[in-house]
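If you read the sequence from its start, that first residue is 1, and numbering goes on from there. Note that the structure is predicted; figures quoted are calculated from it, not measured. Just so it is clear, the values below take in all heavy atoms, side chains as well, and ignore hydrogens, waters and symmetry mates.
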Amino acid sequence: GSEMCIRDRTYYRYDEKFHRRNGGLIMSTTQYAFGIDLGTTNSCIAVRTALQPAQVIPLADGEKTLPSCVMYKNGEVIVGRRAYDHRADVDHVVYSSKRDIGSDKTYTVYANGDDKPPVQVTPVDVACEILKRLKHDAELLYGDGFIKDVTITVPAYFTLERRAATLEAAKRAGLNVISLINEPTAAALAYGGGTPEGEKILIYDLGGGTFDATLLNMVHKTCLLYT
């Protein structure tokens, strides 16, 4: 399903686990497609290969989702669970900023110490830190600099300004966005492979900050989507 919208990039690399499982005889070319759900409350990164279906990549702490929360404190930028656990500290923590991406809103944080002047961060700044953390943790498995081309899901209602801001955040994080896909559309594509001919299915995306739906219709083995 997702190959309909994701242009896989071919990487030439040595896959140690694959090599070991196959008796050390095979060094292969593998296609990897990486997708990111940059969510309001949680985010994650997944991978799909020519041989395996899509699967979420575990983060450094073993979790499969990352709280979309960033803490700026004493010169450090902390992303994820530790920041989420301090989310009530509004002088240092920004949470659910996806709601504001593409707007002129800024957040005042005491990033360099409580005795230092506060600084302003934007929703794009916050999104960039979340994407950087996802990229960093995934590259612990795949190798530094391995993840460049990605697909990112966004709410169906996102305006051009919101989409442009998402692209800017990804660019700052060192990612090249092949495509922005509406969240319910991505869900429909993932489901569509097993849909019987002529059947219509309404697919909901019950997100932490948005609620969208897509109608899927399979016609002549072609997946038609209506958002």
Side-chain angles (χ1 to χ4, degrees), residues 2 34-47 54-73 76-109 111 120-138 147 150-159 161-170 172-173 175 177 179-191 203-214 227:
S2 58
F34 294 97
I36 292 176
D37 175 9
L38 182 60
T40 306
T41 53
N42 291 283
S43 299
C44 66
I45 182 169
V47 62
Q55 55 186 337
V56 176
I57 301 172
L59 303 174
D61 58 7
E63 297 293 329
K64 290 190 174 182
T65 58
L66 178 75
S68 300
C69 194
V70 180
M71 178 164 65
Y72 301 85
K73 192 169 186 178
E76 283 189 273
V77 179
I78 300 164
V79 183
R81 177 61 56 185
R82 185 176 161 198
Y84 179 81
D85 290 342
H86 294 84
R87 63 191 180 280
D89 182 3
V90 295
D91 287 338
H92 300 97
V93 179
V94 181
Y95 184 49
S96 297
S97 62
K98 178 180 172 180
R99 302 175 192 270
D100 302 317
I101 198 164
S103 72
D104 294 331
K105 183 168 182 177
T106 60
Y107 314 101
T108 301
V109 292
Q120 302 295 315
V121 296
T122 69
V124 171
D125 295 329
V126 177
C128 172
E129 296 298 340
I130 295 168
L131 291 170
K132 282 163 62 176
R133 168 69 192 276
L134 291 172
K135 182 178 188 293
H136 170 270
D137 282 18
I147 300 173
V150 299
T151 297
I152 298 179
T153 57
V154 295
Y157 76 86
F158 257 26
T159 61
E161 290 78 12
R162 290 174 178 265
R163 292 170 191 267
T166 303
L167 291 173
E168 176 61 25
R172 292 189 197 176
L175 296 168
V177 179
S179 178
L180 293 177
I181 304 178
N182 292 342
E183 290 163 353
T185 300
L189 287 168
Y191 181 84
I203 298 176
Y204 297 102
D205 172 41
L206 298 171
T210 59
F211 173 41
D212 298 314
T214 288
T227 58

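Across all their heavy atoms, A170 and V177 have their closest contact at CB-CG2, 3.4 Å. Minimum interatomic distance between I101 and A165 (heavy atoms only, all atoms of both residues): CG1-CB, 3.5 Å. Nearest approach of E76 to R82, heavy atoms of both residues: OE1-NH2, 4.5 Å. Here the closest non-hydrogen pair linking Y107 and T122 is CE1-C, 4.0 Å. Closest heavy-atom contact between R87 and C69: CB-SG, 4.3 Å. The two residues I147 and L175 have their closest heavy-atom pair at O-CD2, 3.9 Å.
Defined by atom type and a distance below 3.5 Å, a donor-acceptor pair is missing between the side-chain atoms of H86 and D89. For the residue pair S68/S43, the side-chain donor-acceptor check at 3.5 Å is satisfied.
Residue-environment remark: CG (D104) stays at or below the threshold of 12 foreign heavy atoms within 6.0 Å.
The structure places CG of D91 at 9.5 Å from NZ of K73, a figure rounded to the nearest 0.5 Å. Separating the CG atom in D85 from the CE atom in M71 is a distance of 9.0 Å, to the nearest 0.5 Å. One distance of note links CD of Q120 with NZ of K105; it measures 11.5 Å at 0.5 Å rounding. A distance of 12.0 Å separates CD1 in I181 from CD1 in I36, rounded to the nearest 0.5 Å. Once rounded to the nearest 0.5 Å, the distance linking CD1 of I130 with CG of L66 reads 7.0 Å. The structure places CD1 of I45 at 11.0 Å from CG of L38, a figure rounded to the nearest 0.5 Å.
The side-chain heavy atoms of T41 and Y95, taken from C-beta on, include a pair separated by under 4.5 Å. Using a 4.5 Å cut-off on side-chain heavy atoms (C-beta onward), Y72 and V126 make contact.
R163 places a side-chain N or O within 3.5 Å of a backbone atom of F158 that can act as its donor or acceptor partner.
Residue pairs meeting the salt bridge (charged side-chain N to carboxylate O under 4.0 Å, His left out) criterion with at least one partner in residues 127-136, sequence neighbours excluded, are E129-K132, R133-D137, K135-E139.
With K64 as the fixed residue, the side-chain contact (heavy atoms from CB on, under 4.5 Å) test singles out one of L59, I57, V56, N42: V56.
R172 is linked by a salt bridge (charged side-chain N to carboxylate O under 4.0 Å, His left out) to D125, E168, counting only residues two or more places apart in sequence or in another chain.
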